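This is a predicted model, so every value here is computed, not measured.
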Amino acid sequence: MAVHWFESPRGARGGVRFLALAALAAATACSSGSAPAPTGSPSASARAAATITVTEKEYSLTLSQAQASAGTVTFVVNNAGTVEHVLAIAGPGVSTAHTSAIPPGGQARLTVTLQPGSYKLWCPVDKHKELGMDTHLQVGGNGPASPASGSAAASATGQ
């Protein structure tokens with residue numbers, strides 16, 4: 001494709017002014033002027049679910065964080081032990097949610113909607129809880145809106 005340059009009748013200076021005015025007109029025509037100003041934080045529906053890593057082994061249960069905001073939380077559970085483990089959780093709005101059995105070296109995910117309050121996490125296999133595989137998670141109200149009482153959602157996948 002050939003590009004042809006046509007000299008402006010007013011010289012190079014007039015051509016530059018013309019191009020600047022044309023660019024300004026095009027920018028103004030494309031702008032509606034009603035775009036909302038950014039707020040600096042995403043809306044509740046745009047927030048990503050929190051993820052907490054849980055490491056299980058004989059006979060301990062370690063969380064990557066001991067506190068979370070209310071809302072959807074996904075627990076990524078790694079079995080670093082030599083025997084099968086499970087992760088269970090119970091607290092406000094969650095009677096008991098748990099993963100499937102996780103083989104040694106395996107991983108499972110457990111997604112739960114949490115309300116503000118204290119949650120107990122443990123391994124329900126045999127007497128693992130009594131041997132030290134239990135801990136607590138404190139959930140604050142700084143996350144997305146909490147579900148109505150008794151309507152917690154949970155899903156688990158073992159891999």
Side-chain angles (χ1 to χ4, degrees), residues 1 20 22-159:
M1 171 166 84
L24 179 61
T28 304
C30 293
S31 173
S32 67
S34 63
T39 61
S41 65
S43 68
S45 61
R47 289 185 190 127
T51 301
I52 297 176
T53 302
V54 182
T55 303
E56 294 183 312
K57 61 183 177 182
E58 296 80 287
Y59 288 97
S60 67
L61 208 157
T62 306
L63 304 177
S64 61
Q65 60 191 64
Q67 296 181 351
S69 294
T72 303
V73 176
T74 297
F75 295 92
V76 177
V77 188
N78 297 304
N79 183 349
T82 59
V83 299
E84 192 172 84
H85 293 296
V86 171
L87 178 70
I89 182 170
V94 179
S95 57
T96 298
H98 59 84
T99 64
S100 57
I102 309 166
Q107 184 181 80
R109 292 178 180 270
L110 176 65
T111 300
V112 186
T113 301
L114 304 178
Q115 300 174 17
S118 182
Y119 289 81
K120 183 172 198 126
L121 290 90
W122 72 97
C123 176
V125 173
D126 297 329
K127 294 192 179 264
H128 292 189
K129 178 181 176 185
E130 291 80 6
L131 293 170
M133 291 188 75
D134 70 324
T135 192
H136 287 84
L137 175 70
Q138 188 63 41
V139 177
N142 297 337
S146 299
S149 180
S151 65
S155 66
T157 58
Q159 294 158 3

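Distance check: N79 CG to K57 NZ gives 11.0 Å after rounding to the nearest 0.5 Å.
N78 and Q107 share a side-chain donor-acceptor pair at under 3.5 Å.
Between L121 and F75 there is a side-chain heavy-atom pair separated by less than 4.5 Å. Residues I89 and L114 are in side-chain contact: their nearest non-hydrogen atoms beyond the backbone lie under 4.5 Å apart.
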Donor-acceptor pairs under 3.5 Å, side chain of residues 60-68 to any protein atom, not counting sequence neighbours: which ones?
| unit_1 | atom_1 | unit_2 | atom_2 | d |
| --- | --- | --- | --- | --- |
| S64 | OG | T53 | N | 3.0 |
| Q65 | NE2 | Q67 | O | 2.8 |

List the atom pairs, with distances to 0.1 Å, where a side-chain N or O of residues 123-139 and a protein N or O form a donor-acceptor pair under 3.5 Å, not counting sequence neighbours.
| unit_1 | atom_1 | unit_2 | atom_2 | d |
| --- | --- | --- | --- | --- |
| H128 | ND1 | H85 | ND1 | 3.1 |
| Q138 | NE2 | G117 | O | 3.3 |

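The two atoms that bring T55 and A80 nearest to each other are CG2-CB, 3.9 Å, heavy atoms only. Of all heavy-atom pairs spanning P116 and G141, the tightest one is CG-CA, 3.8 Å. Taking every heavy atom of both residues into account, P92 and S118 meet most closely at CD-O, 3.3 Å. Between T96 and A88, the shortest heavy-atom distance links the atoms CG2-CB, 4.4 Å.
Residues meeting the side-chain hydrogen bond (donor to acceptor under 3.5 Å, both in side chains) test with T82, sequence neighbours left out: E58. For T74, the side-chain hydrogen bond (donor to acceptor under 3.5 Å, both in side chains) criterion is met by T111, not counting sequence neighbours.
Checked by atom type and distance alone, the side chain of T99 never pairs as donor or acceptor with a backbone atom of L110 at under 3.5 Å.
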